[in-house]
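Notes follow once the structure below has been shown.
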Amino acid sequence: MRTLLPVVAIIALAGFGGEARAQVQCPELTRLRSEAVDASKPMTRALVSGRCNAYIRASLAWSDLIAYASDHQEMCDISGPALSAWEKSQREAVVARDNVCAGRPVRPFPPDVIRP
């Protein structure tokens with residue numbers, strides 16, 4: 001048990017160090033990611049036209065993050081799974097934008113809500 005704790009601590013510190021190195025190395029990536037996450041926060045109380053604009057901004061923020069991350073993947077030490085997760089978030093933002101701007105709900109209703 002005494003040897004397990006130092007090993008776990010070293011692994012945890014190594015993980016945090018890698019993340020800190022990436023943040024110092026690529027502050028633009030950190031800024032773009034923060035903007036994309038902030039832009040994707042729920043926007044339920046806005047007017048329909050305001051909601052559309054908000055979803056447009058969110059999809060553009062994710063697109064900017066993906067473009068930067070793709071161009072600087074090696075330099076910023078971005079893993080493939082992280083890039084894939086961001087691409088998934090970008091696709092979801094585009095679908096939400098298209099639905100809201102067309103006057104539909106952000107996500108389709110589940111089948112048990114729709115009655116014939």
Side-chain angles (χ1 to χ4, degrees):
M1 181 69 179
R2 280 192 271 175
T3 58
L4 182 62
L5 187 58
V7 170
V8 171
I10 290 171
I11 292 171
L13 289 173
F16 290 132
E19 186 175 318
R21 186 181 72 244
Q23 288 179 354
V24 170
Q25 197 172 354
C26 298
E28 183 71 8
L29 179 69
T30 304
R31 183 187 67 77
L32 289 170
R33 184 178 177 280
S34 295
E35 286 179 5
V37 170
D38 288 343
S40 296
K41 290 185 178 173
M43 302 159 247
T44 56
R45 297 182 186 229
L47 298 172
V48 173
S49 64
R51 284 184 72 203
C52 180
N53 289 335
Y55 279 96
I56 290 170
R57 280 193 304 277
S59 66
L60 290 174
W62 282 109
S63 295
D64 291 345
L65 173 65
I66 297 301
Y68 183 86
S70 296
D71 291 344
H72 299 88
Q73 185 172 4
E74 202 170 297
M75 183 182 84
C76 294
D77 195 27
I78 301 168
S79 68
L83 187 59
S84 295
W86 293 339
E87 288 171 343
K88 180 182 178 199
S89 295
Q90 192 264 344
R91 287 190 302 272
E92 290 171 355
V94 168
V95 168
R97 176 204 63 201
D98 292 345
N99 285 338
V100 167
C101 292
R104 297 185 298 260
V106 175
R107 291 182 191 91
F109 291 115
D112 61 338
V113 174
I114 302 172
R115 301 232 164 98

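- Separation of atoms CZ (Arg31) and CG (Asp64) is listed at 8.5 Å; rounding is to 0.5 Å.
- The minimum heavy-atom distance linking Ser40 with Ala58 is given by the pair OG-CB, 4.1 Å.
- You'll find the side chain of Gln90 stays beyond 4.5 Å of the side chain of Trp86, heavy atoms only.
- Taking Asn99 as the reference, Arg104 meet the side-chain hydrogen bond (donor to acceptor under 3.5 Å, both in side chains) condition, with sequence neighbours excluded.
- Evaluation of the side-chain hydrogen bond (donor to acceptor under 3.5 Å, both in side chains) rule for Arg97 yields Ser59 as partners, not counting sequence neighbours.
- Across all non-hydrogen atoms, the minimal contact from Leu32 to Leu65 is CB-CD1, 4.0 Å.
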side-chain contact (heavy atoms from CB on, under 4.5 Å) between Arg91 and Trp62, intermediate numbers included: CA-CA 9 Å; Arg91 287 190 302 272; Trp62 282 109; over 6 Å; no
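- In this structure, CZ in Arg33 is found 10.0 Å from CG in Asp38, a value given to the nearest 0.5 Å.
- For the atom pair OG of Ser79 and CD of Gln73, the computed distance is 8.0 Å after rounding to the nearest 0.5 Å.
- With rounding to the nearest 0.5 angstrom, the CE atom of Met75 is 4.0 Å from the SG atom of Cys26.
- When every heavy atom of Leu29 is checked against every heavy atom of Ile78, the shortest pair comes out as CD2-CD1, 3.7 Å.
- Across every non-hydrogen atom of Ile66 and Glu87, the tightest pair is CD1-N, 3.4 Å.
- Under a hydrophobic clustering in which Ile, Leu, Val, Met, Phe, Trp and Tyr are joined whenever their side-chain heavy atoms come within less than 4.5 Å, directly or via other members, Leu83 and Val37 fall into the same cluster.
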